[in-house]
Amino acid sequence: MQPLRGTRDILPDDIILWQHIYNKAKEILDLSNYSEIRTPILESTSLFNRSIGNETDIVNKEMYTFFDQGKREITLRPEGTASIVRSFVSNRLYQENKTNRLWYLGPMFRYERPQQGRQRQFHQLGIECIGSINPMADTEVIRLATQLLQELQCPNYKIEINSIGNLQERNLYKESLIKYLISYKEDLDTDSQKRLKTNPLRILDSKNKKTQEILKQAPSLNRYLGSESRTHFDSVCQYLNELNIEYYINDKLVRGLDYYNYTAFEIKVDKLGSQDTICGGGRYDCLIEQLGGPYTPAVGWAIGIERLLSIIKNNLNVKTKNPIIYIATQGIEAQRKIWNIIRTLEKCKINFELDLYNNNLQKKIKRAYKSNASICLILGDDEIDKKEITLKYLNTNIQKRIFTTELSKELKTILRTN
Ligand code: ATP
Ligand code: MG
């Protein structure tokens, strides 16, 4: 039996890294008043058609869509923002009349060609700052991304930022981009040729070398920005300067989802080959209204956890906990009496492992050595008769008996030396 192509198990040794990321995110985001939110993995397909956009790669070819038994068209969420906005609208969070700061971590699903850094089930950690048009909001979310990457010891990341203006400005730009590209149509890669009709801005994002070469002389989006877009972008840049956050303006940066306006940004690392983007985000001022809520501007980002992990894995120093005490019972009576002792270990918050094999004590002690525990706690008939416990210190092989009533005190000493 194998997992489905593009999916993978996260085994216990890796889970501690995931927990580390979760804990760091929670710690940092709590401080800035972001609250965690968990939305369903299943959503109605129309949510993504209406938000991400019909001509995007995600909606066109990457969605896991099916009919359920009630003939409803359902999709496994391919990203987080659409669901959060849906939740914001259906729970009327806008009635709270405050800035809603939310974060999430969970699995996303896209039917893509699996390769290094690209899976069909992957995970995103994302934040959304909902309810402000102030460029400080853009700055806040970008700053939090860098804060988190730093805390997680992510080396050499690079922020690229752009303004993609508003819809009107983009439409004007689209026209001139098409005009320019149409004369090179035959030289563009086939995907880009198709996009000339469907989603020309996405051509800017093409990874094809020849297309990229052609794009070098293409008209630049920022010449089409009006004064509001420009002022907003300038403010974001200014604040980032103020914060000493290094960034690069990339006037070819557009995002693969239709709902963005004004600020768009990505964070890249240099180690991952062509899957080098670990974080993508931007402003989406019209999405909430588009999905039936009141006009509410918002900005956010998502980090791909698997890509991030592949970068930071070796820098992180998080270890699995070995049991400190390995418990070996001998005989039926001990199997009954051990539970009180286990309760005492729990109260003292000491890690332990209970041996569940049904064979002789020598074999149990062998397994105690193998488990890397410091001590083997032995309970047999003789110990029970005398209300005692045997502790075998596995480093020194010294063995001693203590009264059961002395266990708590002994455990405190053990915890101090471990
Ligand atoms: P790409 O251009 O690499 O396909 P994207 O623009 O589709 O990325 P977003 O939708 O912005 O990605 O998602 C944000 C982040 O989620 C990405 O930067 C990446 O780290 C991660 N991500 C996206 N798709 C995948 C995938 N199929 N497998 C693993 N991680 C992914
Ligand atoms: Mg993609």
Side-chain angles (χ1 to χ4, degrees), residues 3-8 10 14 18 21 25 48 51-53 55-64 75-85 103-128 141-142 145-146 148-149 152 154 157-162 164 189 191-192 195 199 201-208 211-212 250 252-260 263-284 287 299-313:
L4 286 176
R5 206 165 123 73
T7 72
R8 59 164 96 127
I10 307 165
D14 277 335
W18 286 71
I21 292 179
F48 304 112
S51 53
I52 298 170
E55 296 302 344
T56 59
D57 280 353
I58 296 180
V59 168
N60 257 340
K61 48 186 186 194
E62 295 176 0
M63 292 212 300
Y64 275 92
T75 295
L76 300 183
R77 64 177 182 200
E79 58 109 35
T81 304
S83 304
I84 304 262
V85 167
W103 73 277
Y104 60 90
L105 192 163
M108 307 294 161
F109 304 84
R110 296 184 193 176
Y111 194 78
E112 304 195 65
R113 191 170 68 79
Q115 54 195 293
Q116 181 70 21
R118 199 174 286 289
Q119 295 167 233
R120 290 182 174 169
Q121 175 175 336
F122 62 100
H123 295 72
Q124 286 183 339
L125 164 69
I127 74 173
E128 315 290 353
V141 299
I142 294 173
T146 61
L148 184 62
L149 293 179
L152 291 171
C154 177
Y157 58 83
K158 187 174 150 195
I159 303 174
E160 293 188 2
I161 180 170
N162 193 20
I164 58 168
D189 59 283
D191 252 0
S192 296
R195 284 180 174 149
N199 196 352
L201 284 191
R202 264 311 248 185
I203 299 175
L204 296 178
D205 214 28
S206 167
K207 284 164 183 143
N208 181 281
T211 303
Q212 275 177 359
N250 172 358
K252 300 243 158 44
L253 191 151
V254 288
R255 308 273 306 119
L257 305 90
D258 278 356
Y259 51 64
Y260 287 113
T263 318
F265 60 90
E266 288 186 348
I267 302 180
K268 296 183 173 164
V269 288
D270 50 12
K271 270 202 200 134
L272 288 177
S274 54
Q275 270 61 255
D276 61 353
T277 308
I278 53 170
C279 176
R283 190 166 260 293
Y284 50 97
L287 183 58
V299 56
W301 50 250
I303 290 178
I305 302 284
E306 284 84 354
R307 286 191 201 174
L308 173 64
L309 256 179
S310 67
I311 300 286
I312 62 175
K313 210 174 170 165

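In listed order, ligands and their atoms are each counted from 1. For the single chain, residues carry numbers from 1 onward in sequence order.
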Any Lys/Arg nitrogen of E112 or R120 sitting under 4.0 Å from an Asp/Glu carboxylate oxygen of the other? no
Within ligand 1, which atoms have a heavy atom of K207 less than 4.0 Å away? 2 (O)
Can you list the ligand 1 atoms lying under 4.0 Å from a non-hydrogen atom of C279? 18 (O)
Identified salt bridge (Lys or Arg N to Asp or Glu O under 4.0 Å) counterpart of D57 within the set R255, R113, R195: R195
Starting from atom 27 (N) of ligand 1, find the nearest protein heavy-atom neighbour and note its residue, name and distance. E112 OE2, 2.6 Å
Over all atoms of both residues, closest heavy-atom pair of I58 and R110: CD1-CZ, 3.6 Å
Starting from atom 26 (C) of ligand 1, find the nearest protein heavy-atom neighbour and note its residue, name and distance. F122 CD2, 3.5 Å
Do you know the tightest heavy-atom contact between G282 and F265? N-CE2, 3.6 Å
Side chains of E160 and N250: do they bring a donor and an acceptor to under 3.5 Å? yes
Could you please spell out the steps behind the side-chain contact (heavy atoms from CB on, under 4.5 Å) verdict for I142 and I161? CA-CA 10 Å; I142 294 173; I161 180 170; 4.0 Å; yes
Please state which protein non-hydrogen atom is closest to atom 28 (N) of ligand 1 and give its distance, to 0.1 Å? Q119 N, 2.9 Å
Drop me the distance from Y111's OH to M63's CE, to the nearest 0.5 angstrom. 15.0 Å
Residue portion contacting ligand 1 (non-hydrogen atoms closer than 4.0 Å) for I278: backbone
Is any NZ, NE, NH1 or NH2 atom of the basic residue among K207 and D189 found under 4.0 Å from an Asp or Glu carboxylate oxygen of the other? no
Which heavy atom of W301 sits nearest to which heavy atom of Y104, and what is that distance? O-OH, 4.2 Å
Just going by heavy-atom distances, which of E266, E306, R118 is nearest to atom 3 (O) of ligand 1? R118
Which of these, Q121, R110, E62, E79, has its nearest heavy atom closest to atom 5 (P) of ligand 1? R110
Taking only heavy atoms of G304, which atoms of ligand 1 are found under 4.0 Å from at least one of them? 15 (C), 16 (O), 20 (O), 21 (C)
Nearest non-hydrogen atom to atom 15 (C) of ligand 1 belongs to which of K268, Q124, R255, M108? Q124
Which heavy atom of the protein is the closest neighbour of atom 17 (C) of ligand 1, given with residue, atom name and distance? T277 O, 3.9 Å
Show which atoms of ligand 1 fall inside a sub-4.0 Å distance from at least one heavy-atom site of G117. 28 (N), 29 (C), 30 (N)
Look at ligand 1 and say whether Q115 reaches it with a heavy atom at a distance under 4.0 Å. no
Provide, to 0.1 Å, the distance between atom 8 (O) of ligand 1 and the closest protein heavy atom, together with that atom's residue and name. R307 NH1, 4.4 Å
